[in-house]
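Have a look at the structure below, then the notes.
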Number of protein chains: 2
Amino acid sequence: MNTTNDKIRYTAFKLFLERGYEATNIRDICSRVDIKAASMYFYYKSKQELFFSIYDDIWSEELECMRNIPELAEKTAPDTKLYHLFKNTIEYNIRDMIKFKFLLRYHLFPPEEIAVVIVEKYKYWTNQENELIQVIIKQCMDNKLLYDNRSLKEYLREYRKFVNLHVTDMILSNIRLSGSELDHLWNKFWNCTMLNG
Amino acid sequence: MNTTNDKIRYTAFKLFLERGYEATNIRDICSRVDIKAASMYFYYKSKQELFFSIYDDIWSEELECMRNIPELAEKTAPDTKLYHLFKNTIEYNIRDMIKFKFLLRYHLFPPEEIAVVIVEKYKYWTNQENELIQVIIKQCMDNKLLYDNRSLKEYLREYRKFVNLHVTDMILSNIRLSGSELDHLWNKFWNCTMLNG
DNA sequence: GTCTATAAGAGGATAGAC
DNA sequence: GTCTATCCTCTTATAGAC
């Protein structure tokens, strides 16, 4: 948060989130950073390059966080692992809700000018994330903790839907769920949806 | 869909939905309608006026539809009424998913220029909708179909969250739920969330 | 690295003719 | 009702000095 580049990235992130890509202009970003618009072009060759540099960083940070959940490395039951993955994901998104909101904005409503690249990058990053989740779900199925009358893909979709919707709801309602509320939701989800879909 | 005004409204709706308010310009709307930009100003005094005319219409139409659900006028049990309200609301949004998506876009990410008015209008319209829902929930509580250890407001929030999230999920995943899937979801919701919160 | 100056274009909106 | 012509402002991006 010290270098000019850091300031540009931080300011651009906030404006891209609040105003959107089209309504954010280089002059506004730069005036807040206290440089002239032309100076931005020393760091990034275009507005698009600046945007995607920020976009990729958000995904990469979130994945890094998911890969470093200590409980996933331990020798715990796979259903417990999935619970920890869920809880850590939600808590990460509560801490950094604006990052999720940023991604939500551009996945739901990609600006025409950058839509093709966004879709491409979205596929890449969700695939990375899915691999992580699928390993655990597969372990659950192998250990008969999840029935195999449903496919891995279906379970994956249920899990992703569950996580996404609760984060989306926190954004829409501006309510942050507590640890015990999360546990309650998880139990309801596991029993009502995963076991008795 | 015959008059010039209809064409302007329909085209503007599509562009406001897909490109967003800031990225949609009068010239683009008018070139598709096959008139010159200046002609738009005969119908609307500004871009904002055009936008809010469309915005209000979407809400008003949805409320009209909810108020005309035949089962709500009949002398059926209030929990059955709530089920019909849910099913009709979802089915209406499946038919006109882009209208829900339009509202979602501007409620989640209101353009700065029109944010204040959007928030004001959003409050007005959701209040209208809430009154309709609350009447039925109150009947459920009066008839002991819902326990009164939770407040009317809490039940209302659970109901709204349930409906909103499933419509949002349909938009995000591009999957439309069938009638039997809706029934299944409703039973799970009623038993797991409303009765055993 | 950061600046000034400027090119080259797109945007909302209005005046006034027909 | 619809047009042409135009105003004025804002935008991304580049050239070239320091």
Side-chain angles (χ1 to χ4, degrees), chain A residues 1-56 102 105-106 109-118, chain B residues 1-57 102 105-106 109-118 121:
Chain A
M1 204 46 220
N2 296 316
T3 66
T4 302
N5 188 21
D6 287 340
K7 288 184 200 161
I8 292 174
R9 297 174 67 77
Y10 179 71
T11 310
F13 165 75
K14 280 201 302 180
L15 290 176
F16 283 148
L17 168 68
E18 287 158 19
R19 301 188 175 176
Y21 181 81
E22 298 100 328
T24 298
N25 63 44
I26 308 291
R27 277 180 178 74
D28 276 349
I29 298 171
C30 292
S31 79
R32 290 172 187 222
V33 175
D34 222 28
I35 55 171
K36 298 294 165 186
S39 303
M40 195 276 300
Y41 290 90
F42 173 76
Y43 297 96
Y44 303 93
K45 77 171 206 293
S46 67
K47 188 179 169 181
Q48 279 200 28
E49 199 187 86
L50 172 60
F51 176 84
F52 282 117
S53 165
I54 293 168
Y55 176 92
D56 280 334
F102 182 97
R105 170 165 208 151
Y106 291 100
F109 308 111
E112 238 168 26
E113 193 191 332
I114 51 176
V116 176
V117 183
I118 287 181
Chain B
M1 202 47 222
N2 296 315
T3 67
T4 303
N5 189 20
D6 287 340
K7 286 185 201 161
I8 292 174
R9 297 173 66 77
Y10 178 70
T11 310
F13 166 75
K14 281 201 303 180
L15 290 176
F16 283 148
L17 168 67
E18 286 158 20
R19 300 189 176 177
Y21 182 80
E22 298 101 327
T24 299
N25 63 44
I26 309 290
R27 283 179 176 80
D28 274 349
I29 297 171
C30 292
S31 79
R32 290 172 187 224
V33 176
D34 222 27
I35 56 170
K36 297 294 166 186
S39 303
M40 195 276 301
Y41 289 90
F42 173 77
Y43 299 95
Y44 303 93
K45 78 170 206 294
S46 67
K47 187 179 169 182
Q48 280 199 28
E49 200 186 86
L50 172 59
F51 176 84
F52 283 116
S53 166
I54 293 168
Y55 177 92
D56 280 333
D57 247 32
F102 182 98
R105 169 165 208 150
Y106 291 100
F109 309 110
E112 238 168 26
E113 194 189 331
I114 51 176
V116 175
V117 184
I118 287 181
K121 284 180 180 288

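Proteins get letters first, then strands, A, B, ... in listed order; numbering begins at 1 in each. What you see is a predicted model; the values in this text were computed from it and never measured.
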**Asked** Taking CD1 from A:I26 and P from C:dT6, how many angstroms apart are they, rounded to a whole number?
**Response** 21 Å
**Request:** Remember a base hit wins even if backbone is also touched, and classify A:T24 as base, sugar-phosphate or nothing at under 4.0 Å, heavy atoms.
**Result:** sugar-phosphate
**Message:** Using whole Å, what does the distance between atom P of nucleotide D:dG1 and atom CG of B:D34 come to?
**Reply:** 18 Å
**Message:** Here's a test for you: under ring pair (Phe, Tyr, Trp, His ring centres under 6.0 Å), which of A:F16, A:Y21, A:F51 qualifies with A:Y106?
**Reply:** A:F51
**Message:** Side chain of A:Y43 only, heavy atoms from C-beta on: which candidate in C:dG1, D:dT6, D:dG1 is closest?
**Reply:** C:dG1
**Message:** I want to verify a distance call: between C:dG1, D:dC3, C:dG12, whose nearest atom is closest to the A:F42 side chain?
**Reply:** C:dG1
**Prompt:** A:P111 and A:I118: which non-hydrogen atoms are nearest, and at how many Å?
**Reply:** CD-CD1, 4.2 Å
**Fill in**
Separation of D:dT6 atom P from B:R27 atom CZ, nearest Å, is 14 Å
**Message:** If you only use heavy atoms from C-beta on, which nucleotide in C:dC3, C:dA15, D:dT14 is closest to the side chain of B:A38?
**Reply:** C:dA15
**Message:** Distance check needed: C:dG12 P versus B:L15 CG, whole Å only.
**Reply:** 11 Å
**Item:** Whole angstrom value for the distance that separates P of C:dT2 from CE of A:M40
**Value:** 13 Å
**Prompt:** Atom CZ of B:R19 and atom C1' of C:dA10: how far apart are they, to the nearest Å?
**Reply:** 13 Å
**Prompt:** Is it true that the side chains of A:Y10 and A:R32 contain a donor and an acceptor less than 3.5 Å apart?
**Reply:** no
**Asked** Between B:T4 and A:A23, who's closer to the 5' end of DNA chain D by nearest nucleotide?
**Response** B:T4
**Message:** To the closest 0.5 Å, what do you measure between OH (B:Y43) and NZ (B:K7)?
**Reply:** 9.5 Å
**Asked** With no hydrogens and no angle check, is any side-chain donor or acceptor of A:T24 less than 3.5 Å from a backbone partner on A:L15?
**Response** yes
**Item:** Closest listed nucleotide, where the reference is the side chain of A:K36 and the choices are C:dC3, C:dG12, D:dC10
**Value:** C:dC3
**Asked** Think A:S39 has a side-chain N or O under 4.0 angstrom from the OP1 or OP2 of C:dG1?
**Response** no
**Prompt:** B:E22 has an atom CD; how far is it from atom P of D:dT9, in whole Å?
**Reply:** 21 Å
**Length of the line joining A:I29:CD1 and D:dA13:C1', which is rounded to integer Å** = 14 Å
